[in-house]
> 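Once you've had a glance at the structure underneath, I'll fire off some questions.
Numbers restart at 1 for each chain; the letters A, B, ... are given by sequence-line order, proteins then strands.
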Amino acid sequence: MLTLLFDGVAYGMLLFILAVGLCVTMGLMNFINLAHGAFAMLGGYVTVALMQRHGVPFLVCLPLAFLASAAMGVVLERTLYRPMYKKPHLDQVLFSIGLAFMAVASADYLMGSQQQIMQLPDWLRGRTELFADTPFVLGMGHYRLFIIAVCAALTMGLQYVLSATRFGSRLRASVDDARAASGLGINVNVVFAATFAVGSGLAGLGGALGAEVLGLDPTFPLKFMVYFLIVVAVGGTTSITGPLLAALLLGIADVAGKYYIPKLGAFIVYALMIAILIWRPQGLFVRQGGKS
Amino acid sequence: MQKRFFLSALTLGLLASYAGTAMAQEKFKIGLILPMTGPFASTGKQIEAAARLYIAQNGDTVGGKKVELIVKDDTSAPDVTKRIAQELVVNDKVNVLAGFGLTPLALATAPLATQSKTPMVVMAAATSSITQASPYVVRTSFTLPQAAVAMADWAPNNGIKKVVTLVSDYGPGIDAEKFFKDRMLFNGAQVLDTLRVPMRNPDFAPFLQKVRDLKPDAVFVFVPSGAGAALMKQFSERGMDKAGIKLIGTGDITDDDILNSMGDVASGVVTSHHYSASHNSPLNKKFVAAFEKANAGLRPNFMAVGGYDGMRVIYEAAKVTKGGNGEALLNAMKGQVFESPRGPMFIDAQTRDVVHNIYIRKVEKVGGQLFNQEFSTIPDVKDPGKSK
C-alpha cells in the first residue's frame, strides 16, 4: 500500500520535472511548445551515450544532460522559436509538432530505433524495506528514492527563484506586459531566452532521470506528449505548485489504477483528467485573476 | 539527319527496355517486406541479414533462374505492408512474398496472398492464427503457443506450482497467456492472476508490485523484446528475485540480439524458445560464425533464424518447381523436412506451420557474454493453437 504510494510519488515527480519546462513556456511565455519532449529525449540520449560509450559516471551525466538540452534550447529559441512568439497558437502548434517529428526522425537516424538500455551504478540499484511484515510495508527502490530527492530539491529551487529573486520578478513582469517591462529597462529577450533554456534543461534532466524508468526510444517525444499536456492542463500554468500537485496526483492515480484495476489501468489517467476538467475547466490550481 | 538519329536512338532504347523485361521473366523474385525503421527495426535488420547470408552461401541462381531479392520497408504499419505487397505482386510480379515482422502486418497481407495466389512465407510474426488467414501462408518462425505450452509443461515439474502471468496486451501476448494458463491448469498448477500490460506502458512498477504481493513461485512474462530489458531491470530492482519469485517466459524477453546489453539482471532467467545462438550443433556454429562475420559481430537471434530457414524453404521449393510460382511453388514448400540452425524442423503439410523442438534455456555467462544455455528439449512441438 505504502509501496504503491511511494512508486506513484516517484513517477509523479518524474512527470513533473519533465513537464515543468512546458508549464514555464506555456504559462509564462504564452507559447505552445509541443516539441518539449524532444528536449527531454535529447537529455536521455546524452546520458545514455555518455555512460555507455564513454564510461562517464551517472552523476556527471545528469548536469551534462541539463546543459546539453539547455544549450539546444537557447540555440533553437534564438533561431526558430523567437519568430513564432507573436504568431497565432495554431501556427505555434503546427511548428512545434513538426519539430517534434523531426527530432524523432533524427534520433532514429543517429541512435537507432531500439530501446536504449541504461546501466545504473550499483549504489542506485537495490531496495530498502521499512516496516517489513506489517500491513504497512514500504519498499523503496533506491533509484526511485533518488528521483524523488532530486526532483524535490529542484522544485524548491524553482519556487524560490520565481517568487523571491530579482530574476523571478523580472520574468513575471515580462510575461504580464512585455512592453512595459522593457520600458522599465528589463531586457525581455534575455529573460525569455534564459527561461526557455532552463525549461529545456529541466526537460533534459527529466529525460536523463527517466530513461531508466520510462524507457527511451525515438518515439519518446510523442509517447509522453500526452502526459505532459495532461499535467499542464490539470495543473494550470501559472505556478509551480499547480503542475507539481497535478503530476503527483496523476502519478499516484496511474500506479494505483494499474495495481487495483489492471484491466482499466491505462485509462484511469484519462478518466481522471476528464473528471477534473469538467469540474474545474481552468485547471486545478489557478491563481485568481492570473493570465491563463 | 538529326531527326533520324533521334528516331533510331529511340527505337534502340525501346528494344533495350523490351529486352530488359524479357530478361526479367527469367528471374525468380522474392519480395521481402520487413520493418526496417521504427521500433521493430532490429527484426528487419536481422531477417534481411539472414536472407542475404543464405543467398551468399547458396548462390543467386535457383531452378535455372536468377534470384532477385527485393527488400521493402513497411515501418511496421499494416496498411503500408499491404500496399507494398500489392505493388510487389502487381508491378514486380514477385514469385513469393516473405518477411512480415508482426502479426497485424501478416494478417493485413494474407487476403492479398489468397487473391493473387502468391505464396507468403512468414519469417517472424508468431500469433497462432496467421496460417489460417490464407491457404498461401507458410511459416518458418515459430508460434507463441508452442513456446508457452512448453514452458507450462516444464514449470510444474520444477517446483513452480503457483504463477502469475504478465503479458503485453496484444495478439501474441494474449495467445501466450491463454495457452500457458490452460496448460498450467491442466498440469495441476495454480494461476493466481493474469495481468495485461498496455502496449504503451511507461512503467511496469504497479504490475510488478501486484505480482510481488500475490507471492507466486514464478511470474510468466511475455513482452516485446525491447520492453523485456526494462522489465527485467525493474524486476530485480524491486527485489523480486530475493522475495523468491522466479522470472520465466518465452524466449522473446531474452532476445539474443540485446541479451548482452541487459547485463547481469538477465542471468538466471529461464525461458522456452525454439532458437538460441548457443544451440549446440555444427550447423548452428557455422551459421552463427558466418552471420557475425558478415554483419560486424551482430549476433543472430530467433528472427534471423526464421529468415534463414524461410529462404531455405523458398529455395528448395524453387528448385523443385524450376523457379515456379503460385500453387505449384506453395505445394513444394509444404512438408519440407530439414536441419535448421535451430535443430530439426519441418513444415507441416496440413497446417503449413512450422514444427520444431522447443528448448528450455537459462541465461548464463559463457566466456564473458550472456547466452541462453539450452538444458532441456521438448521434441517436435506442433502448434497447439491448431489442435482444435
> Provide the closest heavy-atom pair for B:Gln234 versus A:Val213 in the form atom of the first, atom of the second, distance.
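It is NE2-O, 3.4 Å.
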> Please state whether the side chain, the backbone, both or neither of B:Arg238 comes within less than 4.5 Å of a heavy atom of chain A.
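For B:Arg238, the contact with chain A is made by backbone and side chain together.
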> Could you tell me whether A:Phe146 atom CZ has more than 12 heavy atoms of other residues or ligands within 6.0 Å of it?
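Atom CZ in A:Phe146 is packed in, count exceeds 12.
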> Give a yes or no on whether B:Lys210 atom NZ has more than 12 heavy-atom contacts from other residues, nucleotides or ligands under 6.0 Å away.
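Above 12, so yes.
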> Take atom OH in A:Tyr109; do more than 12 heavy atoms of anything else shown fall under 6.0 Å from it?
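No.
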> Which one, B:Asp213, B:Leu208, B:Asp257, leads in non-hydrogen pairs under 4.5 Å with chain A?
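Answer, by heavy-atom pair count under 4.5 Å with chain A: B:Asp213.
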> Show the atom names and distances, to 0.1 Å, of all donor-acceptor pairs under 3.5 Å that link a side chain in residues 15-24 of chain A to residues at least two apart or in another chain.
none

> Could you tell me which non-hydrogen atom of A:Lys258 sits nearest to which non-hydrogen atom of B:Phe207, and how far apart they are?
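So the two residues come closest at CD-CE1, 3.6 Å.
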> Just to verify, what does B:Thr250 make a side-chain hydrogen bond (donor to acceptor under 3.5 Å, both in side chains) with, not counting sequence neighbours?
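In terms of side-chain hydrogen bond (donor to acceptor under 3.5 Å, both in side chains), with neighbours along the sequence ignored, B:Thr250 is linked to B:Asp252.
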> Measuring heavy-atom distances to chain B, does A:Asp7 have an atom under 4.5 Å in its side chain, in its backbone, in both, or in neither?
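Side chain of A:Asp7 only, per the 4.5 Å heavy-atom cut-off to chain B.
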> If we define contacts as heavy-atom pairs under 4.5 Å, which of A:Thr3, A:Leu4, A:Val104 has the most with chain B?
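Heavy-atom pair counts peak at A:Thr3.
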